[in-house]
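What follows is one structure encoded as structure tokens, with my remarks underneath.
All ligand and atom numbering here is 1-based and tracks the order in the structure.
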Amino acid sequence: MSLDPILERLNAAQRAAVTAPLGPVLVLAGAGSGKTRVLTHRIAWLIQAEGVSPHAILAVTFTNKAAGEMRARVESLLGMPPGVLWIGTFHGIAHRLLRRHWHEAGLIESFQIIDSEDQQRLIKKLLKAQQLDETRWVPREVQWFINSNKDEGRRSKHLKAGNDPIRAQMIRLYALYEDACARSGVVDFAELLLRAYEVWRDQPALLEHYRQRFRHVLVDEFQDTNTIQYAWLKLLAGAQGCPFVVGDDDQSVYGWRGARVENLQQFSRDFPAVKLFRLEQNYRSTGSILAAANGLIANNSGRLGKTLWTSGEHGEPIRLYAAFNERDEAEFVCQRIRDHVAHGGLHRDVAILYRSNAQSRVFEETFLAARVPYRVYGGLRFFERAEIKDALAYLRLIANRRDDASFERVVNLPTRGIGAKSLETLRSAAREAGCPLWEAAHACLGEALGPKASTALRGFLELIERLAEEVRGLALHEQVDRMLAASGLIEFHKRDKAERGEARVENLEELVSAARGFNSEGLDSDLPPLEAFLAHVTLESGEGQADAWEDCVQMMTLHTAKGLEFPIVFLCGMEDGLFPHQRSSGDLEGLEEERRLCYVGMTRAMKQLYLTYAEQRRLHGIDSFSQPSRFIKETPEELLEEIRPRLQVSRPVASGRFARELGYEPVPVSRPRYVPRAPREETPPIPGIRLGARVRHGKFGEGVILDLEGSGPQARVQVNFERQGTKWLVMQYANLEPL
Ligand code: ATP
Ligand code: MG
């Protein structure tokens, strides 16, 4: 068979990497330069030109979707199914190994994987058995402690408590958890990776077997491997293996989850014979998109340094839209999509990327109203999320006590001590009397239920009654707000220290925004606002769903978009505080990770890139006025084209739907035009005053310089002070002393 199909659509640098002599290879290259393509072609090349058996190849990708695509691509290159080739995610491959070597791994043959929820339930049982108070030993914190240690390869026996009694207890819980998992034969996600590592580390014969077998291990998105994944890879490759890894330090976006971009450099140290390849031609994006992304990422320090160019057309400018608020932003995007489709384009050409999942709601509502098909990736549709459904269940009960499903859903959420047994008692009482659970509950108090369960249940019944009383007459969003606080739902998720908890609190706050923006006028009924709202969300979550294979707009977070490409990309919510996320913008490291995320976002675009921001945004239930993201001003100004509102109206319009009915675009009066701030070059060079430098201020103490702008008397500097937080100062008065 000819090798042409494998090599013909590769440039010289790509071809060199694909055909590199057997041995360790590192491909370090920017976005859209063909890394994933090179990896796929390398697999085909190994099989066809080097005569490597597909049996000897192991390919690791970051998502199952990517794994599926890679398999299909290899298949089409080879013209036949690659059969026994192993392609999967780190977790998937670890699982496969453990299934084969359960005995060596110290597992039982029928071991089961538990997800994060199951893991937490197990931890709760443990705490109970130890008679530890859950409010003090929050199960989610224990879970986080266990998982993050596993991700670093540390078992409980490796940990030292020192003089810290809390840590000592955590370590003890970790040990008890390990025992409990072993007894019940279950394995959590972090355990899969750690166990797969240990089984090789501790079984030299087994390791040798796999080293012989998988001489060729290939890893995509290598910059986002964590400690245990890299250790596992290194073990497998050993001294003889031929690891082939591709990555881009500028796209490392999982530092907060333990990923170590340093693994790129470590790789060269651990495999001194490594052949390094750089790919510099970008095939994905137009010249202007590429220049914008390059201009942005140039603001990061400590990069490994890469050049990226395209022979393609310069293309259209990057479009910048300053929305009045988040609804205007969504309306604008929606209108552009409709224009695109009206000119023969497809919905699926378009991706909407955002920093935070909660941003999807306003887009979803706008698209539903405009009948634009869409799909939200990597997250449930807003009203289908568990935490939202929990909150809605409270509201439903407030509106209607006979709603059994809602009763069941929240009677013990947050945990109140109404267990499965009590609930079963209620169920059978309700069955017998043929009445709703709510009534059965009243009848069972003190009777069929023990005193403890009765007290707990009474508390719940009273809570609902009291809430129903309290919220009567309040504005809808106040009702929601009151319910969230009184039910304990917000508190409950706040105690979850993992990012998931934070996301859930944000979503709940977003529900308050949804309620505030809900306009029951125009709905042809005279239901009270709460009932109208509940009907609205139920209808919304069932209708207008588009499936993956249909032609629909793609919506996802920037993290989810890694590795993908789309003809048209909207980067939305480009506001300081939202993106860069305020949690990450306080330190240089966090800020640089956010900037990489923005780079990932921009480089997803093939033909058109839009940046949008809202001058006023209601998110998580709070109205805020924000500055355009610093990433806008870091994008070279000459590449940007600001889109001017089409029509001036005399006042801001509350809802997009309303605006459309009146036949105009919802834009406000005399909106200040966005003026990009002066570019950085004009900043007067003061010795020692540069990004990342440590400085001392007479009043605020020591801090790190996060940003500089303007020149002459206007020059300003942003410093993150250790004790006082982030401040903008006028350079000429600040008297900063470089340290
Ligand atoms: P990312 O960093 O975003 O993961 P990547 O480096 O993995 O990007 P690919 O996804 O492999 O890049 O390639 C980007 C796009 O360029 C794809 O559409 C790919 O098919 C195309 N491409 C890559 N190399 C070539 C080439 N030599 N000729 C034509 N098209 C190419
Ligand atoms: Mg890729």
Q. Think R211 forms a cation-pi with W200, using NZ or CZ under 6.0 Å from the six-ring centre and within 45 degrees of its axis?
A. no
(Q) Taking salt bridge (Lys or Arg N to Asp or Glu O under 4.0 Å) as the criterion, tell me which of R303, K562, R595, R596 meets it with D250. (A) R303
Q. Around the Mg ion (ligand 2), what protein N, O or S atoms are found below 2.8 Å?
A. T36 OG1
Q. Quick one: CE on M574 to NZ on K633, what's the gap to the nearest 0.5 Å?
A. 12.0 Å
Q) ligand 1: which residues have a non-hydrogen atom closer than 4.0 Å? A) R9, L10, N11, Q14, G30, A31, G32, S33, G34, K35, T36, R37, E221, Q251, Y283, R284, G563, E565, R604
Q) Do the ring centers of Y254 and H559 come within less than 6.0 Å of each other? A) yes
Q: Give the intermediate values and the outcome of salt bridge (charged side-chain N to carboxylate O under 4.0 Å, His left out) for residues K306 and D249.
A: CA-CA 10 Å; K306 294 181 303 282; D249 57 313; 2.7 Å; yes
Q: For the pair E575 and R617, find out whether any cationic side-chain nitrogen is under 4.0 Å from an anionic carboxylate oxygen.
A: yes
Q. Taking the six-membered ring for Trp, are Y610 and Y321 ring centroids under 6.0 Å apart?
A. no
Q. Hey, is E502 close enough to R583 for a salt bridge, meaning N to O under 4.0 Å?
A. yes
Q. Using 30° and 60° as the class limits, which term best fits the ring planes of F363 and Y354: parallel, tilted or perpendicular?
A. parallel
